Amino acid sequence: MTDVKDDARVVEVVPYDLTWPERFEAEQRLLSEALPEALSVEHIGSTSVPGLAAKPIIDIMAVVPEVDAVVANLRPLEQIGYVYRPMVFPEDSDHLFFAKDTAGRRSHHLHVFGVTSLAPEENRVFRAYIEANPAAARRYEAAKRRAAELHPDSRARYGAAKEVTVTRLSAEARLWSESVRSSTTSAEVRRRA
C-alpha cells in the first residue's frame with residue numbers, strides 16, 4: 001500500500017455509527033447489479049460489528065466464480081465509483097481490492113475473492129468471533145486506536161501496527177470456531193440418539 005500525506009488524517013478510528021449497516025445495504029444493492037456473477041456480497045471488517053469503533057470505511061467482501069472475469073470487465077465497478085488497486089495484495093492472485101471515495105474521502109473498500117479462496121471464511125469467522133467475545137472486541141478496538149494514534153497519516157503503517165493483535169485474534173477465532181462446530185455437532189448427535 002502507498003502512504004498518502006496531506007493535512008487530513010488518513011486513518012481515524014471513530015465510535016460505532018448506527019448508519020454503517022444501512023450504508024452497507026445501499027452499497028450491496030449497487031454491487032449486486034455491478035457484479036451479477038457474485039455468489040455473495042457481505043459486510044466485513046470492524047464496521048460490520050455492532051458497537052465496535054472503526055475507521056469509518058465500509059469493508060465489503062464479494063465472492064465470485066473467477067476473479068479474472070472481474071478484472072476483464074472493470075467498467076461496472078468503475079461506474080459506481082470503485083477504483084481497482086492491483087498492487088495492494090500482490091501475494092494473493094485470488095484477491096482483488098477496490099477503493100471508493102465519497103465527497104473526497106475514502107468511504108468503501110471492496111475485497112473480491114475467487115470462490116476457491118480461504119479468505120472469505122476466515123473473514124466470516126473473525127467477524128463472528130469479535131461479535132461473540134466482548135473481551136476480544138475490546139482488545140481489537142484498543143489495538144486499532146493505538147495504531148491510529150501512532151500512524152494517522154499512513155494506512156500501511158496503521159495496518160502493520162495492529163498486525164500482531166490481528167494475528168493473535170485470528171488464531172483465537174479459528175480455535176473458537178472449531179470448538180463451536182464441535183459442540184454443535186456433539187449436540188446434534190445427542191439429539192438424534
Side-chain angles (χ1 to χ4, degrees), residues 1-28 42-62 81-92 95-113 118-177:
M1 285 191 226
T2 59
D3 290 349
V4 176
K5 298 227 182 226
D6 60 24
D7 294 336
R9 288 176 67 100
V10 174
V11 178
E12 185 176 16
V13 174
V14 301
Y16 183 77
D17 184 332
L18 292 172
T19 67
W20 288 341
E22 295 167 13
R23 289 178 50 205
F24 162 71
E25 289 169 9
E27 207 64 23
Q28 182 184 38
E42 301 172 49
H43 194 180
I44 60 168
S46 297
T47 61
S48 72
V49 179
L52 189 65
K55 293 184 308 199
I57 299 170
I58 305 299
D59 281 305
I60 301 169
M61 171 177 72
Y82 284 93
V83 177
Y84 179 42
R85 307 282 185 176
M87 296 312 294
V88 173
F89 296 99
E91 72 285 353
D92 186 354
H95 183 179
L96 308 178
F97 180 75
F98 298 81
K100 180 176 182 175
D101 291 355
T102 303
R105 291 191 62 120
R106 181 66 47 89
S107 59
H108 299 81
H109 288 161
L110 173 63
H111 302 265
V112 178
F113 294 100
L118 299 177
E121 186 58 21
E122 291 168 2
N123 280 305
R124 292 178 191 116
V125 166
F126 188 84
R127 178 185 59 210
Y129 178 67
I130 296 299
E131 284 180 359
N133 294 277
R138 284 191 302 275
R139 288 186 1 244
Y140 185 38
E141 187 173 291
K144 291 187 304 164
R145 288 187 185 281
R146 272 192 312 276
E149 288 170 12
L150 289 170
H151 305 291
D153 62 340
S154 171
R155 287 185 188 100
R157 289 195 306 269
Y158 163 81
K162 64 184 178 86
E163 188 60 33
V164 169
T165 301
V166 170
T167 300
R168 282 186 189 134
L169 289 169
S170 294
E172 291 172 21
R174 284 189 298 278
L175 291 172
W176 171 82
S177 177

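Owing to the predicted nature of the structure, the values given are computational and were not obtained by experimental measurement. Just the heavy atoms: all of them, side chains too, but no hydrogens, waters or symmetry mates, feed the values below.
- Residues P15 and W20 share a closest heavy-atom pair of O-CH2, 3.6 Å.
- Taking the centre of each ring, F97 and H111 come in below the 6.0 Å mark.
- Across every non-hydrogen atom of I44 and M61, the tightest pair is CD1-CB, 3.7 Å.
- Classification of R146 and E149 as a salt-bridged pair fails, no side-chain N sitting under 4.0 Å from a carboxylate O.
- To the nearest 0.5 angstrom, L110 atom CG is 10.0 Å from K100 atom NZ.
- Considering only heavy atoms from C-beta on, E27 stays 4.5 Å or farther from S107 through its side chain.
- Interatomic distance, E172 CD to I130 CD1, rounded to the nearest 0.5 Å: 8.0 Å.
- The closest side-chain heavy-atom distance from H108 to T102 is below 4.5 Å.
- Under a 3.5 Å cut-off, the side chain of S177 and the backbone N or O of A173 do not form any donor-acceptor pair.
- Interatomic distance, CD of E25 versus OG1 of T19, reported as 11.0 Å (0.5 Å rounding).
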Exercise for review: Kindly determine whether I60 and Y82 satisfy side chain to side chain contact (heavy atoms under 4.5 Å, CB included), including the steps that lead there.
Suggested key: CA-CA 12 Å; I60 301 169; Y82 284 93; 3.9 Å; yes
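- Considering all non-hydrogen atoms of both residues, E131 and V49 come closest at CG-CG1, 3.8 Å.
- Once rounded to the nearest 0.5 Å, the distance linking CG of D59 with CZ of F24 reads 11.0 Å.
- Pairing each heavy atom of S46 with each of A54, the nearest pair is CB-CB, 3.3 Å.
- Smallest separation of non-hydrogen atoms from Y16 and T47: CE1-O, 3.9 Å.
- For the pair E141 and R145, the salt-bridge criterion is met [side-chain N within less than 4.0 Å of a carboxylate O].
- Of the inter-residue distances, the one linking K144 atom NZ with L52 atom CG reads 4.0 Å to the nearest 0.5 angstrom.
- Looking at R127, its side chain does come within 3.5 Å of a backbone N or O of H43 through a donor-acceptor pair.
- Here the two rings, on F126 and Y140, have centers that are under 6.0 Å apart.
- Atoms NZ and NE2, on K55 and H109 in that order, are 5.5 Å from each other to the nearest 0.5 Å.
- Scanning both residues, A148 and V11, for their nearest heavy atoms gives CB-CG1, 3.8 Å.
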